[in-house]
Amino acid sequence: MIKNIFYILTIILCGAAAFFGYQTKNTLSDTIGQTIETFDSNETVASNIDEKNSEIKVAKDEKKTAIDARNETSASLENESSKERGLKTSLAELEGEIESYDADLETIQTNITIAQELIGQMIPDAGGNLSIDDVVGYIEDLENERKEKESELEEKTEIAGKLAKTVAAASDRKENLQGRLGKVKSRIALNGVSASVTAVSNDYGFVIINRGSNNSNIDERSELLVSRGGSLVGRLKVSAVEPTQTICDIIQSSLKPGQRIRSGDRVVVKVPASN
């Protein structure tokens, strides 16, 4: 009797061991399968991260180049402004000297007139101390001084004219630099503008986005990136740029199997403009 009970217990234990061993095998197989799928998913994510890091590095380099160009243009503008201020100061000083020469000439002419009036009154009115030769000599000295002042005035006037042209040229260069700086700032500001997909034709392989030549840096050479929820969906090639919208072809090779671009997806330029 006891022997029979022992046999029965042995059979039950063997059956239980076989059952639990089978269950453990299935669980282990499922775990291995899930682990392999996780490794495959991690490799895909790592590849996407590497690609995005590369794109981010290119964008940062282009941004640095743009900022350097802006700083260089600002420095040139400040230098030209300093030159312009110096030239205007010199011009003002010359104009002051010209006014002084004009005053001197007027005084000389007044003295010549007085001397000529003395001669006309035949000298006795001078009290007898002034001879005709003295008066003539005095007038000649005044004439020579007048000629000298006129010559100096002509020279100063010529210098002032040249300086005025230099000031005008400096002002033109300043305006040009201001214009260039404004364009650089505008293009850098537009780099941060993103667009959205407004229409999609997956059958014909094109999309329409809501940014164009008037409100973005997009042109025919631009390559555009489409994302959704922070993840890259695909790439676009510009087909036609209009003032407020752009028509793009879908780069089919950039899409994952079964994935499609949808209206509302975010669009950015892969490589921003630098200048």
Side-chain angles (χ1 to χ4, degrees), residues 62-192 213-215 217 219 272-275:
E62 292 294 335
K63 180 180 179 181
K64 182 179 182 300
T65 301
I67 292 174
D68 290 343
R70 181 193 63 187
N71 292 339
E72 181 180 351
T73 303
S74 297
S76 299
L77 178 61
E78 178 60 28
N79 185 45
E80 290 297 331
S81 297
S82 177
K83 289 182 179 178
E84 181 186 20
R85 289 192 296 269
L87 289 172
K88 286 182 176 179
T89 300
S90 298
L91 179 60
E93 292 174 353
L94 279 174
E95 289 174 346
E97 292 180 13
I98 290 173
E99 291 178 359
S100 176
Y101 281 117
D102 285 335
D104 290 342
L105 285 174
E106 184 177 354
T107 299
I108 292 170
Q109 187 62 50
T110 300
N111 291 334
I112 291 175
T113 301
I114 293 173
Q116 289 173 338
E117 289 176 354
L118 288 175
I119 293 175
Q121 294 172 5
M122 296 303 293
I123 301 305
D125 292 340
N129 295 324
L130 185 64
S131 66
I132 295 178
D133 290 338
D134 290 336
V135 173
V136 171
Y138 178 64
I139 292 174
E140 289 179 349
D141 290 340
L142 291 176
E143 285 287 351
N144 290 334
E145 185 179 356
R146 181 181 62 81
K147 290 178 181 179
E148 182 180 348
K149 292 293 183 180
E150 286 179 346
S151 177
E152 292 179 359
L153 176 61
E154 183 178 352
E155 180 181 352
K156 295 293 184 179
T157 302
E158 182 180 356
I159 293 174
K162 292 180 179 179
L163 188 56
K165 292 180 180 179
T166 303
V167 171
S171 297
D172 291 341
R173 288 196 300 272
K174 177 182 176 181
E175 290 179 2
N176 182 50
L177 286 171
Q178 287 175 330
R180 288 172 55 192
L181 182 60
K183 291 179 180 179
V184 168
K185 288 181 178 178
S186 176
R187 291 184 67 83
I188 291 175
L190 288 176
N191 283 338
S213 58
N214 287 351
N215 53 9
N217 284 334
D219 58 30
S274 60
N275 50 54

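Keep in mind that the numbers below use all heavy atoms, side chains included, and drop hydrogens, waters and symmetry copies.
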Can you check whether Arg85's main-chain N or O pairs, donor with acceptor, with Thr89's side chain at less than 3.5 Å?
yes
Short side-chain to backbone donor-acceptor contact, Ser90 and Gly86, under 3.5 Å:
yes
Check: Glu106 main-chain N/O paired with Thr110 side-chain donor or acceptor under 3.5 Å
yes
Rounded distance (nearest 0.5 Å) linking atom CG of Asp104 with atom CZ of Arg146:
13.5 Å
Can you list the residues that meet the side chain to side chain contact (heavy atoms under 4.5 Å, CB included) rule with Lys156, with sequence neighbours excluded?
Leu94, Glu97, Ile98, Tyr101
Sequence neighbours left out, cut at 3.5 Å: what donor-acceptor pairs do the side chains of residues 157-170 make with other protein atoms?
{"unit_1": "Thr157", "atom_1": "OG1", "unit_2": "Leu153", "atom_2": "O", "d": "2.7"}
{"unit_1": "Thr166", "atom_1": "OG1", "unit_2": "Lys162", "atom_2": "O", "d": "3.0"}

With a 4.0 Å cut-off on N to O distance, would you call Glu84 and Lys88 a salt bridge?
yes
Side-chain (Asn79) to main-chain (Ala75) donor-acceptor, under 3.5 angstrom:
no
If the test is side chain to side chain contact (heavy atoms under 4.5 Å, CB included), which one of Glu150, Glu154, Glu148 qualifies with Glu152?
Glu148
Going by the rule side chain to side chain contact (heavy atoms under 4.5 Å, CB included), which residues pair with Glu72 if we only count those two or more places apart in sequence or in a different chain?
none
